[in-house]
Amino acid sequence: MSFNLNQGKKFAAALKESKPNEQDSNVQDSTEENSNYIKREKRKPYTFSLMPSARIKLTESAKEHGYNSSSNYLNDAILNGKL
């Protein structure tokens, strides 16, 4: 593949032609999206102990409720006041 020297000039000219009004509306849209964005806490690992039978029941309950992991199920159960 060969390099075309004129291609860089065309690209630079196309960037200069962008209208300021379009840029302002894009900035407005992105701030609206950010204001509607629901912030979530970052997940952190915690270590705690369970009896093996409790772990089995937790895993089974998570699968029954459609969760892929018992961690997600336990997190949602705690936050929704089910525990």
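Worth knowing before you read on, the calculation uses all heavy atoms, side chains too, and leaves out hydrogens, waters and symmetry mates.
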> Going only through I, L, V, M, F, W and Y residues with side-chain contacts under 4.5 Å, is there a path from Phe48 to Leu58?
Replying inline: yes
> Does a side-chain heavy-atom distance below 4.5 Å link Lys63 with Ser70?
Replying inline: no
> For Ala62 and Ser69, which heavy atoms make the closest approach, and how far apart are they?
Replying inline: CB-O, 4.1 Å
> Will you find, in the side chains of Asn68 and Tyr73, an N or O donor that is under 3.5 Å from an N or O acceptor?
Replying inline: no
>> So, using side chain to side chain donor-acceptor pair (under 3.5 Å) as the criterion, who are the partners of Ser71 when residues are at least two apart?
In response: Arg43
>> Checking Ile56 now: which residues fulfil side chain to side chain contact (heavy atoms under 4.5 Å, CB included) with it, not counting sequence neighbours?
In response: Glu60
>> My understanding is that only residues two or more places apart in sequence, or in another chain, count here; which of them pass side chain to side chain donor-acceptor pair (under 3.5 Å) with Asn75?
In response: none
>> Return the CG to OH distance between Asp76 and Tyr67, rounded to the nearest 0.5 Å.
In response: 3.5 Å
>> Rounded at 0.5 Å granularity, tell me how far OG in Ser61 sits from NZ in Lys82.
In response: 9.5 Å
